[in-house]
Number of protein chains: 4
Amino acid sequence: MKKIIKTPVFGINSKSYMYGAALLELAEYADHLAEEYDMSIMFSAPYADLGKIAAETKYIILNAQGMDPIHTGRGMGHVLPESLAEAGADGVFLNHAERPMTLSQLIKAVSRAKELQMHTIVLADSVQEARMTALLKPTMIICEQTELIGTGKTADVKYMQETKAAIKEIHPGIIVLQGAGNRTAEDVYNAIKNGSEGSGASSGIFLAKNPKEKIRELFEGALKAREEFGSRVYGEEEI
Amino acid sequence: MKKIIKTPVFGINSKSYMYGAALLELAEYADHLAEEYDMSIMFSAPYADLGKIAAETKYIILNAQGMDPIHTGRGMGHVLPESLAEAGADGVFLNHAERPMTLSQLIKAVSRAKELQMHTIVLADSVQEARMTALLKPTMIICEQTELIGTGKTADVKYMQETKAAIKEIHPGIIVLQGAGNRTAEDVYNAIKNGSEGSGASSGIFLAKNPKEKIRELFEGALKAREEFGSRVYGEEEI
Amino acid sequence: MKKIIKTPVFGINSKSYMYGAALLELAEYADHLAEEYDMSIMFSAPYADLGKIAAETKYIILNAQGMDPIHTGRGMGHVLPESLAEAGADGVFLNHAERPMTLSQLIKAVSRAKELQMHTIVLADSVQEARMTALLKPTMIICEQTELIGTGKTADVKYMQETKAAIKEIHPGIIVLQGAGNRTAEDVYNAIKNGSEGSGASSGIFLAKNPKEKIRELFEGALKAREEFGSRVYGEEEI
Amino acid sequence: MKKIIKTPVFGINSKSYMYGAALLELAEYADHLAEEYDMSIMFSAPYADLGKIAAETKYIILNAQGMDPIHTGRGMGHVLPESLAEAGADGVFLNHAERPMTLSQLIKAVSRAKELQMHTIVLADSVQEARMTALLKPTMIICEQTELIGTGKTADVKYMQETKAAIKEIHPGIIVLQGAGNRTAEDVYNAIKNGSEGSGASSGIFLAKNPKEKIRELFEGALKAREEFGSRVYGEEEI
């Protein structure tokens, strides 16, 4: 069963910044926040860390950072969808700028994830890409302007509105996130205020002196935005 | 500390054929064989399965099926070396025909694995490739003729001798395996008889009706060969 | 100025089967057919052959077989769009199964081709891919079931109708071709009869004992179909 | 027949900076310099420009910027070796940092080039890579520190000496070039003075206000170095 998602979501994307015991500790902290504040926290981890984090957490939505659209069989060193699902991943990121997919692979990967009841979080870096990926009806589309990744610069409002409108016109049930570059609670708050159905950070958290404190700080931005702009539940109907 | 390797080794390469609980069961069985017969068993698993298998086994040499030569940092969905080592991988396969690497990446990946005290098992599919990869002084080179993978056809003796001689001339401390295509204990026995310092299977095991029985059957071939042709210890000196 | 295209088109796709003087001779023959029968013939050639073929022909629509979505600058060994256009290519194939593109690259490549007034011929191997690529409004979409390439088996009618309907619903101005696997004039005729707006061959022509005769033979199928099912002009309005 | 190469060579590497008529003009100018000063000038061009440049020049060594190690057949959009050779390419760059190759592909590509009597210019970005590629006995190895490309910073002397020694130890008949980052005649002169068997530029020429004048300027550095440090002929014996 897929976990239900409530917006605004809060995202913690570890990429390859952290792993092992240190990452597990942050995941447990995020799990605590997710439970206490009843907020959907999207937490990504390296493939090799998924099993342990899944075993030790309950409330976060745990995501793999990529996947190959294969079936069991050959595929030495490929990322087998079933191996992620059985390890406890609730979802998977697809087509991130640092792990781009061919169009055919992306289509197959979304399909494989749905077979396995995994959430799909697809990245799109232009209005056209947002519209094209919306046709696949993933759980969530993150409209990230590739050139802003890791810069601390946030997306411009016009881009955010255009991509969101383009996606919602195709399937209103797709959650639309925008951003990249959040460094402060204010950034997170503003992203949601400007229409993003959630926010979070990657380098903003993992390059901070104290990642746990930074999570807490950014999380406050999401809480404040939820209080002001309300919440919405996705996923009770079939995604 | 790297695990010491005794030849002939026995290899169980799961590729993407199996994962999760079923694979864990085979890993535990292999661990039992490795202990009871004091044989080095090279066991590969999908990234997401490494942690659990490492926690439940002790004698097998557990290998990741690939790795990206990155350092901690960006690298969404990449396979971070540190994440494998901390999950408990003893080694890593590099440059397999189903996950080929650029020359630059291969060089960096061998270097990264050595930093992390991981064994390196590099694939080579021609005499020239064997010679070139030998310059990197990996733990082991598997000379696999790509066109034989999954066919049940075994490598020809002349090819085996040439590749082995080419590698040993450069570094006698590199373990040289040959094969691909083993289906029977006889195949495994013959590979070692013909000079391979170990043998094993992938599809031969995982497409068998009963993979556990097939492991036992092929393992007998390795035992018989060891009895006749003797054993050698690698890795007490620095590899 | 883009060349106007009349359907049904006839396609001669050389892939890497032929090059140089032999291919030039076929291009000249195709040019003669295109002129004499006033049919749009889509002719593809290796990058290095484009200049000479463009110089010696006038009526065929000459296409590059791929392109990288770069601008002038770095990009050693990449396929610069401007270099194709100046060499005389009228169009470019994008996202062929043998040269798949990431979604981002495909979007940028269609855009770059339009800037340079080149036709875009995009491949799609599923109904979903057809629909997604239609959003890019290329000149032509070829719905090719990847598994049929080079087999001599032709696409099934239901698949052809579904993909065509999906594309035309989005932009009726996109020319829709189907097929792969044509070996006889009958195959070509049937493809058009079943709704494809053209047809042609690759291995069917270039692996034939006499490629020129085979072109003539298949071309008859296209002529017969045009006579029965009529013709349509594309491209007088802005594509 | 391969063209004989005399060192020091002078290299003009257009990458994707220039194409068509403008590039042809520079090629003709380089051809004039090559004839008048009897110097081997290595000139690279986009695939689509090779045919025309080959037809209009005689003395430069014209190189493709990459190649796929395929044989005639399928391979839509791939770079067929035979298509380059018949278009008039004298050689080919392989494994450039901007078009890296897997180890297997590199081995096959060097082999395919030799079958077609084409020179092979292989890039290597570390001492280990230099040594490994030397085993393939290409015509030339360019030891380029990837991080310096396009920066205007030149390689350090120790790196140059180590890579050269490593290569010459394996095959003294391989021409060894170093550099990247040349901007002035002095840079070119110094590279050769420090042991490089030639020098040249890419961005240094093509981003200059007047590329033709810049070629002339840098060429003077090569002439001066030849006068002082002498010349050597390669390629009369079998490479």
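We name chains A, B, ... by the order of the sequence lines, and we start the count at 1 in each one.
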> Sort out for me which of C/Gly20, C/Ser44, C/Ala64 touches chain D most, counting heavy-atom pairs under 4.5 Å.
C/Gly20

> Which bit of D/Ala87 is near chain C, if near means a heavy-atom gap under 4.5 Å: side chain, backbone, both or neither?
side chain

> Which residue out of C/Lys52, C/Met76, C/Met18, C/His71 racks up the most heavy-atom pairs below 4.5 Å with chain D?
C/Met76

> Checking C/Glu86 against chain D: side chain, backbone, both or neither under 4.5 Å from a heavy atom?
side chain

> I'd like to verify something: which residue of C/Gly73, C/Ser83, C/Gly75 has the highest number of heavy-atom pairs under 4.5 Å with chain D?
C/Gly73

> Top residue by heavy-atom pair count (under 4.5 Å) with chain D, among C/Pro46, C/Ala48, C/Gly66, C/Ala21?
C/Ala48

> If we ignore hydrogens and angles and just use 3.5 Å, is the side chain of C/Tyr47 paired with the main-chain N or O of D/Gly77 as donor and acceptor?
yes

> How about C/Ser16 and D/Thr72: do any of their side-chain heavy atoms sit closer than 4.5 Å?
no

> Main chain of D/Glu98, side chain of C/His78: is a donor-acceptor contact present, judged purely on distance under 3.5 Å?
yes

> Between C/Val92, C/Asn13, C/Leu207, which residue shows the highest count of heavy-atom pairs closer than 4.5 Å to chain D?
C/Asn13

> Any residues in residues 23-32 of chain D near chain C, with a heavy-atom distance under 4.5 Å, and which are they?
none

> Contact part of C/Asp68 toward chain D, heavy-atom cut-off under 4.5 Å: side chain, backbone, both or neither?
neither

